[in-house]
Colleague: 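The structure under discussion is supplied below as structure tokens; questions concerning it will follow.
The structure displayed is predicted, hence computed values, not measured ones. Letters A, B, ... are given to chains in the order of the sequence lines, protein chains preceding strands, and every chain is numbered from 1.
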There are 4 protein chains.
Amino acid sequence: MEFKDNEPIYVQIAALVCEKIIIGQWPTGQRIPSVRDLGVELEVNPNTVMRAYDFLQTLEVLYNKRGVGLFVADDAVEKVKAHRKQEFVAQYIPEFFKQLFLLDIPMEEIARQYEAFKKEQESTKIKT
Amino acid sequence: MEFKDNEPIYVQIAALVCEKIIIGQWPTGQRIPSVRDLGVELEVNPNTVMRAYDFLQTLEVLYNKRGVGLFVADDAVEKVKAHRKQEFVAQYIPEFFKQLFLLDIPMEEIARQYEAFKKEQESTKIKT
Amino acid sequence: MEFKDNEPIYVQIAALVCEKIIIGQWPTGQRIPSVRDLGVELEVNPNTVMRAYDFLQTLEVLYNKRGVGLFVADDAVEKVKAHRKQEFVAQYIPEFFKQLFLLDIPMEEIARQYEAFKKEQESTKIKT
Amino acid sequence: MEFKDNEPIYVQIAALVCEKIIIGQWPTGQRIPSVRDLGVELEVNPNTVMRAYDFLQTLEVLYNKRGVGLFVADDAVEKVKAHRKQEFVAQYIPEFFKQLFLLDIPMEEIARQYEAFKKEQESTKIKT
DNA sequence: GTGGTCTAGACCACC
DNA sequence: GTGGTCTAGACCACA
């Protein structure tokens with residue numbers, strides 16, 4: 001897998017995991033891939049995967065059954081959503097509005113583009 | 001001034017300068033503060049300001065009269081807007097849409113909040 | 001049963017067994033549950049129980065009658081108490097005092113809380 | 001420096017830093033040793049020091065001036081004390097009481113030992 | 001097998 | 001100079 005280089009890899013992995021949890025690909029209560037396995041799959045060092053898992057453990061999205069593996073917490077989906085939403089509202093939105101305002105981009109255009117984006121998403125979802 | 005810590009300070013300073021140019025606070029053709037002065041004002045190392053200015057010179061938003069100082073280019077406003085818009089559309093928007101989609105936030109809510117934001121901006125503009 | 005995750009499970013099981021011996025729930029000379037039975041009861045791997053039993057055998061708190069099972073040693077209570085007390089004084093107390101000192105917690109408060117704790121213990125003991 | 005081997009080194013380093021902050025050896029607002037320097041002093045890898053510093057940054061006890069170094073937060077002392085006290089009450093105290101109760105150790109003995117401990121502490125303090 | 005800790009060494013952006 | 005990221009590889013306790 002290819003990563004953006006303006007953000008640490010482990011952060012991107014954490015985000016990836018969160019998405020898998022949100023969309024239900026890694027269900028609640030289930031064991032997730034070991035750091036070694038995911039490391040091989042993503043072509044990164046197991047330590048890097050661990051750092052991502054570590055972060056999600058402090059968020060209590062994952063928990064550890066020792067000697068067994070890491071598992072998705074029961075309320076992981078809500079926690080992830082809450083965390084992401086908070087970040088979104090606190091950081092993304094203000095910056096977004098500022099840019100829109102300074103660049104004189106009408107909200108209608110954004111809304112139109114978003115409709116197109118949503119359609120695209122749903123069509124790709126069906127394929128998967 | 002306090003800076004966000006998820007972005008290099010010099011980038012934030014460059015953005016600040018761009019905004020001053022867009023809103024006309026630093027008009028085209030006019031000399032801008034020295035790195036030392038702005039460094040003192042923002043409480044950062046002059047080198048950091050220098051780096052921001054350098055960056056804007058490569059974008060040809062600022063130009064250098066040797067021994068005199070840095071000046072705002074004639075077509076600075078258009079250049080800045082073009083650059084920012086390109087960045088905004090290419091990087092910001094896709095990520096923004098993705099979050100909106102994953103978190104099930106309706107576009108209508110965003111639009112509503114933006115109206116409030118615009119009103120606030122205009123009222124503070126008058127004060128300044 | 002749920003275990004603390006800052007200590008190996010087998011150590012916690014060993015401690016649990018010791019307590020049962022101290023309070024007389026598992027009297028001296030008596031056979032104790034098999035690793036399988038206790039494993040089922042505590043919802044852990046039998047191997048983990050085995051490890052706890054092994055540890056207590058090296059302490060000579062338990063002894064093995066081959067083909068029959070594990071039994072509580074005759075002087076188990078004294079041995080356990082001696083062992084625990086030694087550990088308590090050597091490791092726990094110094095750390096405890098250090099914390100108390102750094103955090104400016106008066107000994108009187110601790111003593112008061114302990115009285116409350118004792119009362120609670122005795123009242124629950126009656127119920128059981 | 002020598003570390004206990006029943007606890008990760010980085011945790012012990014974090015605790016060490018906290019103590020230095022509490023007793024005022026590393027005052028509020030002041031820069032602390034670089035990861036490299038402290039690594040040399042404690043004879044551990046800089047990465048290990050960093051992990052300790054990292055942890056204290058998430059607790060907002062330390063903060064980062066980028067390219068400059070790490071600094072002790074303004075309210076570091078209170079934060080550290082609050083954090084330690086909470087841990088102390090939630091984990092240490094219950095275990096402490098339980099042991100005292102099971103081992104029939106009178107509170108008076110503990111209190112007496114603590115007095116001795118305090119005197120020793122204060123006499124060593126004078127030397128330093 | 002699992003996660004976790006630690007080291008050594010490299011590279012980076014930032015100030 | 002600073003912190004931060006990443007890798008490779010070793011070792012460990014735990015289950």
Side-chain angles (χ1 to χ4, degrees), chain A residues 3 5-13 31-39 42-57 62-71, chain B residues 3 5-13 35 39 42-52 54-55, chain C residues 3 5-13 35 39 42-52 54-55, chain D residues 3 5-13 31-39 42-57 62-71:
Chain A
F3 293 99
D5 63 345
N6 58 0
E7 215 181 9
I9 293 179
Y10 79 92
V11 172
Q12 296 179 54
I13 294 178
R31 190 172 162 269
I32 64 172
S34 77
V35 288
R36 292 164 177 84
D37 287 352
L38 192 59
L42 301 179
E43 299 173 44
V44 297
N45 191 294
N47 284 334
T48 306
V49 177
M50 186 124 82
R51 212 161 158 185
Y53 283 0
D54 226 38
F55 173 65
L56 294 175
Q57 269 184 283
L62 303 178
Y63 68 92
N64 183 8
K65 278 194 198 170
R66 295 192 310 184
V68 183
L70 289 170
F71 293 75
Chain B
F3 295 97
D5 61 347
N6 55 4
E7 216 181 9
I9 293 178
Y10 82 92
V11 172
Q12 296 180 54
I13 293 177
V35 289
L42 301 180
E43 298 173 48
V44 297
N45 193 304
N47 288 329
T48 308
V49 178
M50 187 54 153
R51 212 161 159 178
D54 270 353
F55 174 64
Chain C
F3 295 97
D5 61 347
N6 56 3
E7 216 180 9
I9 292 178
Y10 83 92
V11 172
Q12 296 180 53
I13 293 177
V35 290
L42 300 179
E43 298 174 47
V44 297
N45 193 306
N47 288 329
T48 308
V49 179
M50 187 54 154
R51 211 160 159 177
D54 271 352
F55 174 65
Chain D
F3 293 99
D5 64 344
N6 57 1
E7 215 181 10
I9 294 180
Y10 79 92
V11 172
Q12 296 180 53
I13 294 178
R31 188 169 165 269
I32 65 173
S34 77
V35 288
R36 291 163 179 87
D37 287 352
L38 192 60
L42 301 179
E43 298 174 44
V44 297
N45 192 293
N47 284 335
T48 306
V49 177
M50 183 123 84
R51 211 161 157 185
Y53 283 0
D54 225 39
F55 172 65
L56 294 175
Q57 268 184 283
L62 303 179
Y63 67 92
N64 183 7
K65 279 194 198 170
R66 295 189 310 181
V68 182
L70 288 170
F71 293 75

Colleague: Could you provide the dot-bracket string of DNA chain E, using ( ) for intrastrand pairs, [ ] for crossing pairs and | for bases paired to another strand, with Watson-Crick or G-U pairs below 3.5 Å?
Modeller: ||||||||||||||.
Colleague: For B/E7, is there any backbone N or O sitting under 3.5 Å from a side-chain donor or acceptor partner on B/Q12?
Modeller: yes
Colleague: Indicate, with a heavy-atom threshold strictly under 4.0 Å, whether C/V44 touches base, sugar-phosphate, or nothing.
Modeller: nothing
Colleague: Counting side-chain heavy atoms from CB outward, which of F/dT5, F/dC14, F/dG3 is closest to D/R36?
Modeller: F/dG3
Colleague: At under 4.0 Å between heavy atoms, what does C/E7 touch on the DNA or RNA strands: base, sugar-phosphate, or nothing?
Modeller: nothing
Colleague: Among F/dG3, F/dT5, E/dC6, which nucleotide has an atom closest to any side-chain atom of D/T48?
Modeller: E/dC6
Colleague: Run the side-chain contact (heavy atoms from CB on, under 4.5 Å) check on C/I13 and C/F3 step by step: do they pass?
Modeller: CA-CA 9 Å; C/I13 293 177; C/F3 295 97; 3.9 Å; yes
Colleague: On DNA chain E, compare the nucleotides closest to A/G67 and A/D54; which residue's is nearer the 5' end?
Modeller: A/G67
Colleague: Can you find a donor-acceptor pair, distance only, under 3.5 Å between C/N47 side chain and F/dA15 base?
Modeller: no
Colleague: Run the numbers on B/D5 and D/Y63 for side-chain contact (heavy atoms from CB on, under 4.5 Å), then give the verdict.
Modeller: CA-CA 10 Å; B/D5 61 347; D/Y63 67 92; over 6 Å; no
Colleague: Base, sugar-phosphate, or nothing: which does D/Y10 touch, judged by heavy atoms less than 4.0 Å apart?
Modeller: sugar-phosphate
Colleague: On a plain distance test, is the side chain of A/R51 in donor-acceptor contact with the base of F/dG4 below 3.5 Å?
Modeller: no
Colleague: Checking A/R31 side chain against A/V68 main chain: does a donor-acceptor pair fall under 3.5 Å?
Modeller: yes
Colleague: Taking only side-chain N and O atoms of A/N64, does any of them lie within less than 4.0 angstrom of OP1 or OP2 on E/dG4?
Modeller: yes
Colleague: What's the closest nucleotide to the side chain of A/M50 if the choices are E/dT2, E/dC14, E/dG3?
Modeller: E/dG3
Colleague: Between E/dG3, F/dA15, E/dC6, spot the one nearest the side chain of A/V68, thanks.
Modeller: F/dA15
Colleague: Name the one of D/P46, D/P33, D/S34 that satisfies side chain to side chain contact (heavy atoms under 4.5 Å, CB included) with D/Y53?
Modeller: D/P33
Colleague: On DNA chain E, check which nucleotide each of B/N45 and D/N45 is closest to and give me the residue with the more 5' one.
Modeller: D/N45
Colleague: Ignoring backbone atoms, test whether D/R66 places a side-chain nitrogen or oxygen under 4.0 Å from the OP1 or OP2 oxygen of F/dG3.
Modeller: no
Colleague: Heavy-atom distance under 4.5 Å between the side chains of C/R51 and C/T48, does that happen here?
Modeller: no
Colleague: Under 4.0 Å between a side-chain N or O of D/Q57 and OP1 or OP2 of F/dG3?
Modeller: no
Colleague: DNA chain F: A/V11 or A/K65, which has the more 5' nearest nucleotide?
Modeller: A/V11
